Amino acid sequence: MAKLPGLYLRGGVWQLRVIIPLDLQGAYAGRSRVIKSLQTGDYEEAKSKAKALHADWDATFEQKRRELNPQRIETVTPEMSKALAERVAAALLRNDDTIRADPSAAALFLDALQPFRTRSSLLIPVDAPSPLPKHFAAFGGALDGLSHELAGELAEVNAGMDQYSAVQMALQRIATVLPMVKAEARSMGLEFDEKAPGALTALRESLKAYRRAMQSISARDQGAVIDTPEVQDRVNAPKVKAVRLRDVLPQWKGSKTRKPQTVQAAEKALALYEECTGNPPITTLTRSQGVDMRAFLLAGGVTAKTARDRFDYIKGFLNFASRELELLPRNPWEGLAIEYTTTTPRRPWSSEQLAAHFSRPLHSAYELPTAWEAGADAAYWVPLLGIFTGARISELCQLRTADVSTVDSVAVLRITDEGEGQGVKTEAGRRTVPVHAELVRLGFLDFVAAIRQAKSVQLFPALPLHKTKAGQYFSEWFASTRTLADGTKLPDFHSLRHTVRSKLASAGIAEPLIDTLIGHEVKGSTGARTYTMRSTEDLQRALSTLAYAGLALPKVFVKPAVVTRKPKRRNLRKDAE
């Protein structure tokens, strides 16, 4: 049975990693995940707790989305002004009801206002939907009501607040009630903008309602019977122009530099979306329409990969509309995908191909390319790390000096997503890989020491990192070096992973251990999965079998070319030879 997402064992205790959705990370101080200890070493118990926690966090995220994505009010109508004013008055009277119904609540309320009551006059600013903290409502009422002492103190406070409201009314300080109005609008699923047409009228009406409510509260202190009115929970927002997905296109194109072919492919996908869905307003788009769109693309006579790419463009538009433009509370097609199997599986590099690449001046004389994308020293070390670790290109490009360390007297690379801008493809991608003896011989640890001495955080300080795929720029440069002088083309960088896997398998290394080394999910029985916890010595022993017959690598490294600064970007160049 597959392990629950985010569930992992640390120090014999199960932990749960909950990923915070990208559109909500700003609400959590930029954090991308939350880690909770499940306080048990028993897997079944941990699984049960993890399911419950996942459900709790999913509910929390949905609530947060509702709070963060209220419907914008383009124009504040008279109906809305009236509703907001009524809600402001009702909120104040309702809080007064709660205070009067419970002596404990009244005592806490008066105690909280003590700093204001020591002043010469009681002027309490209105900076929240109510002066009463929410937890006061948890107190039960007392049959005896308020004592004369509490009632007297409360009347004194209310008189001061009545006086304050009178001053604000006389001076027409409508900003006084703005926080209350915003809060009441949000509670109705609306976003109040004081700059919108009709907003000033709404604030004036709410200030009147605030003044009348404070007068009523003071009158209650004299025994007047004043009921708290019922208010409508929602009010219809004025109709605005329906936004369709094509309306998002100009801002999507202008949000960053995009290649012409990328824009062309996106527009093709958008046209197919309009043909399939009828181009409805995006606020009415349903998940079932996403399922229909997926089937439409798969039946369109193109490869599954092309269908997947077009579907991803549409989901990208919807993500942009939700996360960047806040036109949607969430992407209704999130999680829908088109799976495909590549029709051209990558093959390992042959001995002749490895020799052809690594016999160039770059690796025979440390003649570094000048291309911006190559990252100076990275051009030499990243391919070597590739053939002696099997790591993904982005996993290597994002390495920090702190990721090279010693465990059990063995030099290792930590492939992780803990640092800023770092990422791994899957849970299994977080791993520790021993530094191969051949890399040590070629001077890799000397290179690391020099970069670390220069106090660089990044292991390859001259290497530009793409914001979503760290190795994207390096991959583009490496691709430009694949064509040999005779016109033959070498395999791509990712094929080095297949090369490493094939070599380890040929050396008799067990599949689960190979999976652990190169960052694949370990499959099979529970016994097989225990390879994920093999010692560093076991991993080093397995990796030491990695050898390439006919590949002679001279030691040419002396010192890094760049240790702290990045070169200025230039046009893409090809440094094939």
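In this text the structure is predicted, and so the values were computed from the model without any measurement.
One N or O on the side chain of W333 and one on the backbone of T286 form a donor-acceptor pair closer than 3.5 Å. Of the possible polar contacts, none joining the D111 side chain to the A107 backbone as a donor-acceptor pair under 3.5 Å is found. Side chain of T406 to main chain of S409: no donor-acceptor pair is present (N/O by atom type, distance under 3.5 Å, no hydrogens or angles). In terms of modelled atom types and a separation under 3.5 Å, the side chain of H520 and the main chain of A428 share no donor-acceptor contact. Counting only distance, with no hydrogens or angles, the side chain of R431 and the backbone of G429 share a donor-acceptor pair below 3.5 Å. Between the side chain of Q422 and the backbone N or O of Q398, at least one donor-acceptor pair lies under 3.5 Å. The closest donor-acceptor contact from the side chain of K315 to the backbone of L336 lies under 3.5 Å. Remark: side-chain polar atoms of S475 are not paired, donor with acceptor, to backbone N or O of G471 under 3.5 angstrom. Using a distance-only test at 3.5 Å, with no hydrogens or angles considered, no donor-acceptor pair links the side chain of T401 to the main chain of R452.
Heavy atoms of other residues, nucleotides or ligands lying less than 6.0 angstrom from NZ of K36 number 12 at most. Around NZ of K555, the count of heavy atoms belonging to other residues, nucleotides or ligands within 6.0 Å exceeds 12. In the displayed structure, E45 atom CD is contacted under 6.0 Å by more than 12 heavy atoms of other residues, nucleotides or ligands.
Between H357 and F493, the gap from one ring centroid to the other reaches at least 6.0 Å.
Pairs passing the ring pair (Phe, Tyr, Trp, His ring centres under 6.0 Å) check and including a residue from residues 386-423, sequence neighbours excluded, read F388-H436, F388-Y548.
The pair R17-D417 does not count as a salt bridge, with every side-chain nitrogen at least 4.0 angstrom from each carboxylate oxygen. A salt bridge links R501 and E511; the closest N-O separation between the charged side-chain nitrogens and carboxylate oxygens is under 4.0 Å.
Neither side chain, D408 nor Q540, offers a donor N or O lying under 3.5 Å from an acceptor on the other. For the 3.5 Å distance criterion, the side chains of N319 and S322 fail to qualify, holding no donor opposite an acceptor.
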### Message
As a quick check of understanding, evaluate side chain to side chain contact (heavy atoms under 4.5 Å, CB included) for Y313 and L270, giving each step before the final call.
### Response
CA-CA 8 Å; Y313 274 122; L270 182 57; over 6 Å; no
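Checked against side-chain contact (heavy atoms from CB on, under 4.5 Å), T303 has the following partners two or more places apart in sequence or in another chain: K305, T306. By the ring-ring contact (aromatic ring centres under 6.0 Å, His included) test, W381 is found to be paired with F444, F447, F557, residues two or more places apart in sequence or in another chain being considered.
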